[in-house]
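Step one of this worksheet: look at the structure below.
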Amino acid sequence: SLIFPFLLNLCTIKLLQGFNFHHQVQQQWPQHSMIRFSMSTESELLNVKGQRKLPVTILSGFLGAGKTTLLKHILQSDHSDRRYAVIVNDMNELNIDGALVRPHIQQQDEKLVEMSNGCICCTLREDLLREVASLARQGRFDHLIIESTGVSEPLPVAETFLHEILSKKNQENEEENDNSLLLKPEFEEDMNLLQQDAQCLLDCTEIDSMVTVIDAFNFLKDMKDAEDLSERGLQARDDDNRSITELLVSQVEFANVVLVNKCDTVSPEELQKVKQTVRALNADAQIIETIHSNIDIGAIIGSKSFDFDRVSQSATWIKAMNNHDLKIPETEEYGIGSFVYRARRPFHSVRLMKFIENDLGNDDDNAEDNAVEVEDMKEKVGRVIRSKGFFWLCTRPTEMMVWSQAGGLFHLTPGGQWWADSPRALWPCDEESVEQILSDWDHSTPYCREVSLLTNHESLTMTTVGDRRQELVFIGSDMKEEVLRSHLDRCLLTEEELQEGPNRWILLEDPFPVVEHDHDSEEEG
């Protein structure tokens with residue numbers, strides 16, 4: 001796992017080559033090492049009172065992907081005696097999807113719950129918690145299906161089945177009360193009810209499958225365009241500044257089943273590229289090709305296939321970063337490969353930006369007038385679908401930079417100081433975290449003492465590189481690893497430039513966006 005001491009936001013710039021350097025910090029999967037949503041045996045389906053737990057299938061996917069069609073297909077094609085409860089979420093006051101599903105609620109014992117005017121991954125999370133708890137307590141349903149709105153991220157929805165929502169509610173109350181330990185009476189009552197509902201979800205429900213539906217026809221275009229949700233009027237709230245690319249990545253990376261729908265609308269070559277992209281984002285998910293969301297429902301209903309620990313670590317970049325010998329499933333079928341680039345000297349800022357613009361900033365589906373240049377680029381480096389990690393710039397020698405690219409979207413986000421540039425008093429106190437920091441430590445590579453002049457911290461007189469480094473994972477199809485490595489090596493400081501030291505490096509041109517630090521704020525992290 002990676003340790004980022006502080007996270008900051010970054011302003012947005014757009015490059016001519018098609019990358020959108022976006023302002024929002026890429027969300028990392030939380031570590032829940034002691035919590036496992038596995039349903040591999042019948043005994044695990046029983047709660048502490050010996051009652052059968054309510055299995056839950058969660059459907060995610062962008063607008064128009066085919067979630068509602070899939071839901072109707074499940075309800076129509078299940079000829080067993082299974083009694084369904086269904087929750088349909090819609091951002092609008094008029095729940096159109098709910099109206100489409102209602103005629104397919106066949107049995108008298110089945111129930112449809114419509115949740116409108118908000119998104120269950122943010123504004124309606126508490127409402128979702130209460131609704132699911134209410135359905136689970138009734139004990140008369142065999143399966144619950146939740147259809148999220150098209151702009152919902154699946155991870156927060158899954159967290160609703162943990163105690164995550166309670167800790168966030170506590171944090172909100174502390175901020176509202178200026179960190180006072182005294183709870184408002186109405187908040188305390190609300191928290192008690194939430195606690196009961198949250199415990200009910202833990203005791204009486206299990207996530208059966210986490211399913212993401214994608215539209216084969218529009219998926220690659222939406223991934224490449226990096227258009228903001230607000231540009232289409234699709235933001236979940238006023239401060240929602242996510243891009244469509246970010247949303248698609250979050251939906252694919254946190255899923256154990258991905259349905260590639262509308263396969264009849266694309267050529268076999270285009271379909272292969274869609275599946276390549278899915279596999280580049282998620283190394284473990286089962287990929288199912290569909291037309292009109294028509295599948296064997298046994299793949300997602302009663303499949304007992306969801307495991308929180310596994311899914312939260314299923315993003316291919318996480319696996320590649322933590323496993324040097326990663327073999328992505330169906331590598332030959334999908335033509336996907338990955339490698340991790342590591343180095344212990346800074347990048348030259350101008351050379352790195354040119355590499356991003358000229359070699360990574362073009363996509364093989366760009367405009368026809370750029371076809372020759374694009375084809376030449378593809379021949380040189382291949383198709384990079386996803387890249388992520390952190391890097392070290394010579395013009396910002398004490399600052400760790402976070403790198404995250406998916407399709408046409410590129411984040412370059414300041415991530416705080418390297419631990420080597422942080423006073424030991426600010427280091428974590430627990431032994432495990434310190435061991436993690438030191439496991440990335442280079443005690444042998446020399447580093448100039450001049451860096452101590454950049455700050456007043458006494459601890460910066462150390463003479464080795466410490467944890468400063470380049471560590472970037474690249475995932476793509478037909479990638480030319482040696483070519484990419486060669487390009488990145490040329491972006492590093494030369495031996496002569498390295499000897500000039502940090503006080504000279506910071507005077508060089510820096511084309512990367514700058515974040516103004518709030519020196520008056522004492523808030524960290």
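Starting from 1, each residue takes its place in the sequence as its number. Below, each value reflects all heavy atoms present in this structure, side chains not excepted, and no hydrogens, waters or symmetry copies.
When each of Leu259, Ile287, Val260, Leu220 is tested with Ile214 by the rule side chain to side chain contact (heavy atoms under 4.5 Å, CB included), just one qualifies, namely Val260.
Taking both residues in full, the closest heavy atoms of Val266 and Ala216 are given as CG1-O, 3.6 Å, listed atom of the first, atom of the second, then distance. Taking each heavy atom of Ala299 and Ile288 in turn, the nearest pair found is CB-CD1, 3.8 Å. Across all non-hydrogen atoms, the minimal contact from Ala136 to Leu54 is CA-CD2, 4.1 Å. Between Gln251 and Phe62, the closest heavy-atom pair is OE1-N, 3.3 Å. Considering every non-hydrogen atom in both Gly298 and Ser303, the closest pair reads O-CB, 3.7 Å.
With respect to Arg383 and Asp478, no salt bridge is recorded, no charged nitrogen being found less than 4.0 Å from a carboxylate O. Between Glu253 and Arg386 there is a salt bridge, since a side-chain N of the basic residue sits under 4.0 Å from a carboxylate O of the acidic one. Ion pairing between Glu206 and Lys304 fails under the 4.0 Å rule for side-chain N and carboxylate O.
Using a 4.5 Å heavy-atom cutoff, the side chains of Val132 and Ile146 are in contact. Residues Ile74 and Tyr84 are in side-chain contact: their nearest non-hydrogen atoms beyond the backbone lie under 4.5 Å apart.
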Output, in order, the C-alpha distance, side-chain angles, deciding distance and verdict of side-chain hydrogen bond (donor to acceptor under 3.5 Å, both in side chains) for Ser148 and Asn89.
CA-CA 5 Å; Ser148 304; Asn89 182 208; 5.9 Å; no
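Every residue meeting the side-chain contact (heavy atoms from CB on, under 4.5 Å) condition with Leu63, not counting sequence neighbours, appears here in chain and number order: Leu234. A search for side-chain contact (heavy atoms from CB on, under 4.5 Å) contacts involving Tyr341 returns Phe339, Ala343, Phe347, Gln470, Phe474, Arg485, Leu488, Asp489, Leu492, not counting sequence neighbours.
Put simply, the side chain of Ser293 never gets that close to the backbone of Thr69: no donor and acceptor are under 3.5 Å apart. Side-chain atoms of Asn256 never come within 3.5 Å of backbone atoms of Val311 as a donor-acceptor pair (strictly under, hydrogens ignored).
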